[in-house]
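Here's the structure, in structure tokens; my notes come after.
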There are 4 protein chains.
Amino acid sequence: MAEAKRAQSSDKRQRILEGALKAFARKGFYNTKVSEIASEAGVADGTIYLYFKNKDDLLISLFEDRMEWVIERLRSELAEVEGDIFKKIHRIIELHFRLATDQADLAEFITVELRQSAKFVKEYKNQRFVDYLVIIEELVAEGQKEGVIRDDVDSRLVSRAMFGALDEVLLQLTLSKAAGMDVERMTAQVADLFVEGLKSR
Amino acid sequence: MAEAKRAQSSDKRQRILEGALKAFARKGFYNTKVSEIASEAGVADGTIYLYFKNKDDLLISLFEDRMEWVIERLRSELAEVEGDIFKKIHRIIELHFRLATDQADLAEFITVELRQSAKFVKEYKNQRFVDYLVIIEELVAEGQKEGVIRDDVDSRLVSRAMFGALDEVLLQLTLSKAAGMDVERMTAQVADLFVEGLKSR
Amino acid sequence: MAEAKRAQSSDKRQRILEGALKAFARKGFYNTKVSEIASEAGVADGTIYLYFKNKDDLLISLFEDRMEWVIERLRSELAEVEGDIFKKIHRIIELHFRLATDQADLAEFITVELRQSAKFVKEYKNQRFVDYLVIIEELVAEGQKEGVIRDDVDSRLVSRAMFGALDEVLLQLTLSKAAGMDVERMTAQVADLFVEGLKSR
Amino acid sequence: MAEAKRAQSSDKRQRILEGALKAFARKGFYNTKVSEIASEAGVADGTIYLYFKNKDDLLISLFEDRMEWVIERLRSELAEVEGDIFKKIHRIIELHFRLATDQADLAEFITVELRQSAKFVKEYKNQRFVDYLVIIEELVAEGQKEGVIRDDVDSRLVSRAMFGALDEVLLQLTLSKAAGMDVERMTAQVADLFVEGLKSR
DNA sequence: AATGAATGAGCATTCATTCAT
DNA sequence: AATGAATGAATGCTCATTCAT
């Protein structure tokens with residue numbers, strides 16, 4: 001019974017997060033009413049406040065939850081990659097772009113809301129996002145140690161630049177839902193761009 | 001007299017735009033009250049509505065105005081560059097990053113608000129932003145025609161990726177106001193990353 | 001419980017309508033603030049919008065509600081009248097004038113706001129008001145069929161004229177709150193005026 | 001020159017009054033912006049305040065001006081009437097209804113705004129309107145003295161009732177602009193109604 | 001006298017949050 | 001835990017009026 005309850009609770013919490021994701025993706029944080037999230041989640045308005053402190057907290061929790069999921073997936077996929085650093089970079093890019101098709105709402109949410117949140121939900125240092133960057137950063141650093149990646153670039157800077165590039169392209173992918181983008185080709189091109197840019201010569 | 005009046009009007013419009021830029025950069029569009037913009041600009045609340053249809057229009061007009069300025073500056077600086085395509089790409093990056101120190105408010109505004117606006121002010125196709133991308137795109141295309149840039153990447157995709165990278169790094173520069181950043185070094189590194197990535201081999 | 005809730009809701013709705021009636025009667029639609037209605041009704045400002053779409057809708061709903069009540073009362077009183085058509089006309093007039101003393105606010109509201117509403121809330125065809133007119137009209141038509149009312153007048157025209165006369169006198173009664181008015185005498189005189197005017201000879 | 005100026009001034013004042021009449025008739029007092037009146041009159045917004053103290057004063061002045069004109073016309077037409085009191089009553093009614101076709105804006109304005117003004121522009125006792133009523137009242141009193149009108153009705157009450165009847169029918173005429181109302185027939189019927197009602201027997 | 005840009009008080013409406021049930 | 005009716009602070013926008021030119 002205790003588990004049942006927890007399961008139920010957790011189920012409700014998840015439904016609220018999903019509702020919020022859908023709504024935020026569609027209309028953005030500021031244009032989404034709490035009541036819309038509630039109705040999307042199939043719960044009463046007040047119920048949301050049993051699981052989240054307020055609307056801001058809901059946004060933050062959503063980041064935590066989804067970024068955690070993304071990072072976990074990234075880590076596990078990277079672990080599977082056999083081959084050199086550049087293969088891994090390729091995989092990161094592929095995974096990033098795949099979001100646009102696999103998880104359109106999530107892609108839209110991250111690309112659009114990430115910046116707002118970083119800036120306006122002051123007390124919140126988006127740690128998950130930092131984690132994501134660190135994965136790239138460490139990969140680059142590793143490549144540098146191995147000598148396959150040039151030494152004259154700052155790995156943090158590179159991770160930022162790469163994330164920015166990926167995110168912007170993802171945004172484009174997401175917004176222009178219509179066009180039959182060839183995700184594979186895009187992945188190949190962007191990966192190649194960075195790989196060539198990063199190679200030691 | 002007519003000119004004086006027009007000058008004064010235009011002056012008031014400019015002051016409102018500046019007030020809006022400052023306020024939006026500081027608190028974001030949704031957290032900025034019209035009355036704050038007014039007081040920042042030193043005009044009455046109602047005066048804003050003599051120059052702009054509503055708060056949304058003010059945001060859009062601000063984009064138009066500032067992006068136009070940025071593009072103009074980019075064009076004129078690019079025209080001055082002597083040397084090959086890669087020198088020009090270097091200059092674009094330099095100019096982009098210089099925003100963080102020269103025009104902190106503008107940098108903050110563009111990096112944070114650009115995405116929101118692209119998405120929620122649906123009827124507004126941010127033409128100026130597209131213009132900016134096109135400049136990069138054309139540069140890449142030109143390089144491809146000349147044979148110095150690899151042929152196997154889509155110039156539009158590259159322009160997106162590059163803009164994303166620049167913007168994300170700029171955001172970082174802007175948020176971590178810690179002066180410590182060596183803009184020149186960053187410019188050099190990012191430029192080199194892309195140049196190497198783009199070179200024909 | 002469901003009934004209790006509905007009763008309470010309906011109670012709140014009624015209180016808002018009463019508050020609106022009082023306020024509109026006192027200061028007119030345009031000079032009444034929504035917050036005044038709320039405070040008169042003992043609810044929060046926002047609560048009004050749970051029951052009415054907006055201020056206009058509140059006005060219209062108030063008409064619907066009160067005119068319905070007036071008409072119901074008129075119908076039931078007419079049903080009680082024993083005697084000829086003229087007795088019934090007498091009763092209509094009496095009832096109309098009695099509003100001034102029995103329901104001063106309602107009288108003031110109807111006499112003053114009816115015209116405004118008819119004209120400016122264009123999409124609203126004040127059906128209740130038409131219903132009221134029709135009652136008079138049918139009475140006249142009935143009298144004509146019976147041969148006791150002259151045939152050479154249009155019953156719709158007469159109903160309009162009679163309503164106008166009653167309403168104007170009621171307005172006077174209402175505005176000059178000086179109690180001195182002898183409602184019975186007025187009723188007698190106006191009734192006699194119309195009865196004599198309408199009689200077949 | 002002085003006359004020219006005065007003429008010009010007076011011309012501007014008239015144009016403002018005409019603009020106000022048109023605008024008020026179309027949209028009512030509260031929904032008409034001062035700037036709309038100004039543009040209708042072909043003057044600047046501020047100019048209106050050279051001729052009228054404020055928007056209320058403009059409304060009052062418009063009443064004064066137009067009612068004065070109506071009364072003057074009524075008096076002169078009544079003076080022309082040859083025949084008994086009842087002929088004169090007939091003429092009053094005819095004149096009243098003729099407004100609907102001759103001066104649609106004025107008719108609309110009077111029927112709709114009269115009541116508002118009576119109630120909400122507190123300091124203003126609409127003397128012109130009272131004058132109008134008095135004309136009817138005196139006519140009735142005269143008829144009573146002559147013995148042709150029944151003695152048992154209060155002439156003030158009758159004047160109110162008659163005005164109300166006329167005004168309501170006029171309102172109907174005005175609002176339903178479409179229907180090819182037969183004004184003459186209506187005049188005849190309403191006049192006959194009151195004449196028969198008022199006759200001594 | 002005339003203008004119309006500027007003002008700023010005023011107000012309808014929204015919506016995150018609470019709390020009695 | 002869950003509900004959803006109720007709250008009331010918050011704010012974008014309007015428009016009568018002013019006043020420098």
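Each chain gets a letter, A, B and so on, in the order the sequences are listed, and its residues count up from 1.
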Residue whose closest nucleotide on DNA chain E lies nearer the 5' end, B:Gly46 versus C:Lys55 =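 Of the two residues, B:Gly46 wins.
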message = If you assign each of D:Ala44 and A:Ser35 to its closest nucleotide in DNA chain E, which residue comes earlier from the 5' end?
response =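 Residue closer to the 5' terminus by nearest nucleotide: D:Ala44.
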Between [N] ([atom2]) and [X] ([atom1]): distance, integer Å:
{"X": "D:Asp45", "N": "E:dA6", "atom1": "CG", "atom2": "P", "answer": "14 Å"}
{"X": "B:Leu50", "N": "E:dT3", "atom1": "CG", "atom2": "C1'", "answer": "15 Å"}
{"X": "C:Arg13", "N": "F:dA6", "atom1": "CZ", "atom2": "C1'", "answer": "17 Å"}
{"X": "D:Asp56", "N": "F:dA16", "atom1": "CG", "atom2": "P", "answer": "11 Å"}
{"X": "A:Leu59", "N": "E:dA16", "atom1": "CG", "atom2": "C1'", "answer": "15 Å"}
{"X": "D:Ile37", "N": "E:dG4", "atom1": "CD1", "atom2": "P", "answer": "17 Å"}
{"X": "C:Lys12", "N": "F:dA5", "atom1": "NZ", "atom2": "P", "answer": "11 Å"}
{"X": "B:Tyr30", "N": "E:dC15", "atom1": "OH", "atom2": "P", "answer": "12 Å"}

query = Does E:dT7 have OP1 or OP2 sitting under 4.0 Å from an N or O in the side chain of B:Thr47?
reply =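 Checking B:Thr47 against E:dT7: at least one side-chain N or O falls below 4.0 Å of OP1 or OP2.
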message = Less than 4.0 angstrom between a side-chain N/O of B:Tyr51 and OP1 or OP2 of E:dA6, yes or no?
response =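 For E:dA6, OP1 or OP2 has a side-chain N or O of B:Tyr51 closer than 4.0 Å.
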ask   = Which one is paired to E:dA9, where only Watson-Crick or G-U wobble pairs with both distances under 3.5 angstrom count?
value = F:dT14
query = So what's E:dT21 paired with, Watson-Crick or G-U wobble, going by both distances under 3.5 Å?
reply =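 With both distances under 3.5 Å, E:dT21 matches F:dA2.
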key: Most 5' of B:Lys53 and A:Gly42 on DNA chain F, judged by nearest nucleotide   =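 Nearest nucleotide further toward 5': that of A:Gly42.
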inquiry  = Counting the benzene-type ring for Trp, do C:Phe129 and C:Phe63 have ring centres under 6.0 Å apart?
reply    =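 No; C:Phe63 has its ring centre 6.0 Å or more from that of C:Phe129.
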task = Indicate yes or no: does B:Glu108 engage A:Arg115 in a salt bridge with an N to O separation below 4.0 Å.
result = no
request  = May I ask you to say whether A:Lys27 pairs ionically with A:Glu36, meaning some side-chain N is under 4.0 Å from a carboxylate O?
outcome  =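 Here A:Lys27 pairs with A:Glu36 in a salt bridge, since their nearest N and O are under 4.0 Å apart.
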task = Drop me the distance from D:Arg26's CZ to D:Lys22's NZ, to the nearest 0.5 angstrom.
result = 6.5 Å
key: Sugar-phosphate, base or nothing in reach of D:Thr32, heavy atoms under 4.0 Å   =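 Sugar-phosphate contact only.
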request  = Consider the side chain of D:Val34, meaning its heavy atoms from C-beta on, and name the nucleotide among E:dT17, F:dT3, F:dT17 that approaches it most closely.
outcome  =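 Output: F:dT17.
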key: Minimum-distance nucleotide (side-chain atoms of B:Tyr49 versus E:dT17, F:dT14, F:dT3)   =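 For the B:Tyr49 side chain, the nearest candidate turns out to be F:dT14.
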task = Determine, for C:Phe29 and C:Lys55, whether the Lys NZ or Arg CZ falls below 6.0 Å from the six-membered ring centre while staying within 45 degrees of the axis.
result = yes
